Structures are given as C-alpha cells and as structure tokens.
Amino acid sequence: MLRFLRRRFLFFFFTYLISSLTIFFLLRVLPGDPARVIAGGREATEEQVSEIREKLGLNASLPEQYLTWVSDFLRGDWGETIAFRGADNRDLILERTRNSARLAAVALLLSVPTSLALGVIAGLSENKLPDVIISLLTLSVVSLPEFVTGLFLVNIVALRWGRSALAESLGWWFPASSAVPATASFSEMLPALWLPAFAATLVMLAYISRLTRAGVIEELKRDYVRTAALKGIAWRAVIWRHVLRNALLPTITVIAISISWMISGLVVIEFVFGFPGLGSLLIAAIERRDLLLVQAIVMVTVTIILFSNLFADMAYALLNPRVSLE
Amino acid sequence: MRSSQITRSFVSLFRTLLRQPQSALGTILVLFFFALALFGAQLAPYPNPNDQSHDVRLSPTLDLARLQLGEHPFGTDRLGRDVYSRVILGANSIFRIAGLGTLISVILGSALGLFMGYHGGWVDEILGRIIDALLAIPALLLALVLVGIIRNLDFEAGSWQAGLADNVVLLVISVLYIPIVARVARSTTLDIKTREFVAAAEIRGESQAYIIFREILPSVIPSLVVEASLRFSYAIFLVASLGFLGFGARPPSPDWGLMVNENRGGFYQLTPWALEFPAVAIALLVIAVNLMSDGIRRAVQKGS
C-alpha cells in the first residue's frame, strides 16, 4: 500500500512539473515576444512593450522566470488581470471556479446515476434489444458536439417550447440564457444551471455508460458468477450482491477521468449559454490576450484534474486491496 | 507484408464495414461528405461562398415531398449568401484539416511509439512519463491556448511562421495527437517485440530501422488503423468546436462551426436555417465518423 501511494505521489509531482513547464514554455519559447502580444501587437509602442517586459520579469533568464512563476503560483500570487481591469487574477479565477464547480456538480448529479443505470441495463442484456438501443443512443445522439446540443437546448427547448402551452401551464420554464451575475448565490443560480448541466450530462453519459457496460459484461463471465448461480442463489441476488459491486468499482476511476473530459465540454457549454464559469473566462482571457490569466487558469485546471485522479486512485486502492499489491 | 497485401486487407476491411448496418450507414455517409469535400466547387450552385444576392434572408426552397431543390435550397443568410452552397463548400476545410492533422499525427506518433517501444529502457521510461503528464491537460484547453498564442504572435507576411499561423488548427491537431498515437503504438510494439520473428531478425543482424519498419510495423498497423479512425473522429469534433468558439477558420470562410456561431443569438430568430443546416451537417458527419470508426474497431478486433 505504501509503495503504491509513494508511486502515485511521485507521478503526481512529476506530472505537475511537466505540465507547468509546458504551460510556461508555450508562452516563452514560441517565436514572438509575449510582452508585445500583451501590449497589443504591432500597434504597441516600444515603451509599452518594455514596461510590460519589466513588470513580468521577462528580462531574467528562463529558469529564473520559471521558478519565480511557479513559486508565485504556489503562494497564491497569480498576478493582476489586464483584460478585467482592477481585478486580482486569483479572486477572479476562484469565483469562476466555484461557479463551474456548481455546474459540474449538478451535471454529475444528473449524469452519474443515469449513465450507471443505462450501462448496467446494457451490460445485463448484452446484444439484446435494450443494449442495442442504448448503444445506438450513446454512440450517435450523445456523441454530438456540445455546441450543437447546447444550441438545440437554447433555441428549441428554452425558447420555442418555453412559449408552448405546456410551459405556460407549468408556470415555469428553463431560462434560455445562463448569463447570471458571477457573484450570485447557488440558489439564485440554480434555474440557470439546469440546461447547461443537461448538455454536460450528454457529454458524460456515453462515456460512463459504455465503460460500465464493459465492466458488467466482463464480471458476468467470471467463474464465481457461475458458481453462485449453480449453488442456487437467486439470480437477482447474484447481480446485486456480487456482479454490480465488483463491476462498479472501476467506475470511481472512470468518473475521475471523466472530470477532465467534462472540463473540455464545459468550456464550450459555458460559452454557448453565456455562463460565468472558468471556461468562458479562459476564452475571454485568450481573446483579450491576457496571457498571465490564461496561464493561471490552465494551471488551476490541471491542479483540479490531478487531484481528482489522485483521490480516485487512493479510493480505488482502499476499496480494492489487490491494486496496491501490484 | 507487401503493399498488395495491405491493399487487399483494406478492401476486406471495407467489405466488413459495409456488411453491418450501423457501420455501413456511417461509411456511406462519410464517403458522401468526402465527395462533397472533393467536388464541392463543382457541385455548389454558387461556387464562390461569398456571393451575395440582393434578396437577403430567403427561406429554404428545399421541398422534400416533391424532391425539388429550388433556387436557394437551404435559404440565404442575413447577408444574402446561399446557405446550400456554403454548406457544400464547408466540407472541404473540415476534411482537409482533420484528415491531414490525423495523418501527420499518426505518422509521427507511430514512429515515436515504435521507437520507444522497441528501444525500451530509460528513453522509453522518460518519454512515456512525459507523454502521460502532457495528457493531463485537456486537449481542448491546450488547443485553445496554442491557437490563441500563435494567432496573436507578430509574423512578417510570407515568412514560414506566418504560413504556420495560417494553418494553426492543423498544426495544433497534429501536435496534440502525436503523444496519444505514440502511446498506442508503443504498447502494441511492446507486445510484438517479444515474438519470435523479431528475435530471428535480431539474430540475422538486421539494423534497428529494418526491424522496426519491416518486422514490427506491419503487425502494429491494425491497432494504428483503429487509433487513426478514432483520432479522425476526435479531430472532426475538435475542428468544429474550435470553429464554433471563434478559434478556427475566420470569417467569411464557409466553415461549419463558424457558420453556426455567426448565426446564433439574435440572428437565429431572423434566419434559423442559416444555423440549422450547418449544425445538422456537423452532427451528421460526427455521427457518421463515429459509426464508421466503431465498425473499424469491431472489424479489426474480430480479425486479430
């Protein structure tokens, strides 16, 4: 167990090192002058460029710059934004991360139970009608780009159906735009979260349910299932007590991996719905050439992904002692 | 494996794809879009995607009941451009960028993976760990950052860097997918490396390049074909998403993702068809490529 944990931690730090180096060097080694990019390209005057170069410490050597940047990041000093005047990068990013986390939480709440159920149903009825229907659904409708489903939800579900008699009789319908104030509380935000969360659910649904299906099918072929069935244990009990318990164990890892998957999806979804999350902040930061903000956002994202992977590994090792022996 | 053998196995793969209804549907649709990409300029009624008519915001004249296309089958957008022609012409860029990007990443990635897997040792260990670490950054995020940076750099017109900046999405796809392909090629190579024919070649004293490309590569090709089809479907997805986010083709290019972005919001109320037709085209292509690559995966797994 200890050896397993040590290896995971080593990998965690190594990955962190490599990804931070990648993010750093993307901005410093590519041909062109980052200070000029921030200053506004060709139109910027020499003074503006050198002022920014001074401010960012671009005159120091590359290793020095990297170390300064990493230690600043770890200490929580993420600089000031250029794009959003006056704001501190850290306050801005933390606020937006909280909003994205709310969206992700609603999406996970919708998608995990649904996709587990779909995956189990498909796995138990391998190659029979329910399985064929579910895999066709997950393969086609659900593999659509997020912006296509997102725009469908905005234009058809929220706007067109929102004016129908059904919506009138309900007295409440989903808002078409999720452009709520970034500082709103969770309960204020919740009505605006449903549609983007549903779009994110579709992204995850295919992924989790297909892996769950594979897990169930594999588990059903094990010897102990046959033994239990031959012993006369009710099939229902075999499924619930043995097969599902073992088949769903890897799902913890799957959900952790799909968090990285979902972050990509959320960037597009937040853009479509105008939701004030981390993804829409990233797009705004890139468009406004705020490279420091971009760096900080990507580092925060990588941190979230690495921590969720680490926790998943540890949870998995605790639940399945065999893993840590390998 | 000779080239004639490779051709023959591709023909048999194609036949297998057409036998299953799901993969047959996908393959035929992909071929249909590919034909649009190749002959779009000849098929489109308005070969210049930016031709404007004086009658703006015309509704679609497509009549499926009577099988008539009419003057503007998919209507015209708010600038009076023929949406039908733009959708046909847009197939070219998505196939070119996603296809070439996949090709480049598969060639370079499998070369890297074969080398890592065959060489083994510390080279493999270090490169493998770097690849694992790089994959911790979500692909779309890395793509957005790369496109954003390269686009904003100052290049002299006509220089090689400016040429790269014009093909930035193609470049980004190739770079993003090299490590992913390399990982697949590496793990397959590790498996093949232990076979007897590789040991025989080593005893014969063949060079490393000969063993990698003539002995190991042919056995790695099936898993590379599966990976390439998977990469292609992700590449299509990524090109469309980047276009939609405004990080791909620039206006007034008839890129599907860009067309969807340009016609959403308030414009959707005026010309819903200008958004719906390119969106349906993207959706159909993504579904078709997914069905096809799923079929390829099944066929190859069954064959091995």
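We use all heavy atoms of the structure for the numbers below, so side chains are in, but hydrogens, waters and symmetry mates are not. Residue numbers begin at 1 in each chain, while the letters A, B, ... track the order of the sequences. Bear in mind the structure is a predicted one, so any value in this text is a computation, not a measurement.
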Colleague: Measure distances from B/Val286 to the heavy atoms of chain A and classify the residue's part below 4.5 Å as side chain, backbone, both or neither.
Modeller: side chain
Colleague: With a 4.5 angstrom heavy-atom cut-off, could you sort out which part of B/Leu142 is near chain A: side chain, backbone, both or neither?
Modeller: side chain
Colleague: Could you tell me whether the side chain of A/Phe147 reaches within less than 4.5 Å of the side chain of B/Ile282, counting heavy atoms only?
Modeller: yes
Colleague: What part of B/Leu275 gets within 4.5 angstrom of chain A, counting heavy atoms only: side chain, backbone, both, or neither?
Modeller: side chain
Colleague: Measuring from atom CG of B/Leu141 to atom CD1 of A/Ile305, what distance do you get when rounded to the nearest 0.5 angstrom?
Modeller: 7.5 Å
Colleague: Less than 4.5 Å to any heavy atom of chain B: does that hold for the side chain of A/Val154, its backbone, both, or neither?
Modeller: neither
Colleague: What part of A/Phe11 gets closer than 4.5 Å to chain B, counting heavy atoms only: side chain, backbone, both or neither?
Modeller: side chain
Colleague: Do A/Arg160 and B/Tyr268 form a cation-pi contact, if we require the NZ or CZ to be under 6.0 Å from the six-membered ring centre and within 45 degrees of the ring's axis?
Modeller: no
Colleague: What part of A/Gln295 lies closer than 4.5 angstrom to a heavy atom of chain B: side chain, backbone, both or neither?
Modeller: neither
Colleague: State the CD1-CZ distance between A/Ile18 and B/Arg129, to the nearest 0.5 angstrom.
Modeller: 11.0 Å
Colleague: Roughly how far apart are A/Ile286 CD1 and B/Leu245 CG, rounded to 0.5 Å?
Modeller: 9.5 Å
Colleague: Counting only heavy atoms closer than 4.5 Å, note whether A/Ile156 contacts chain B via side chain, backbone, both or neither.
Modeller: side chain
Colleague: Heavy-atom pairs under 4.5 Å with chain B are the metric here; pick the option from A/Leu159, A/Leu151, A/Val294 that has the most.
Modeller: A/Leu151
Colleague: Evaluate the side-chain proximity of B/Asp132 to A/Phe14: yes if any heavy-atom separation is below 4.5 Å, no if none is.
Modeller: no
Colleague: Please report the interatomic distance CG(B/Asn290) to OG1(A/Thr138), rounded to the nearest 0.5 Å.
Modeller: 10.0 Å
Colleague: Counting only heavy atoms closer than 4.5 Å, note whether A/Thr22 contacts chain B via side chain, backbone, both or neither.
Modeller: side chain
Colleague: Measuring heavy-atom distances to chain B, does A/Leu282 have an atom under 4.5 Å in its side chain, in its backbone, in both, or in neither?
Modeller: side chain
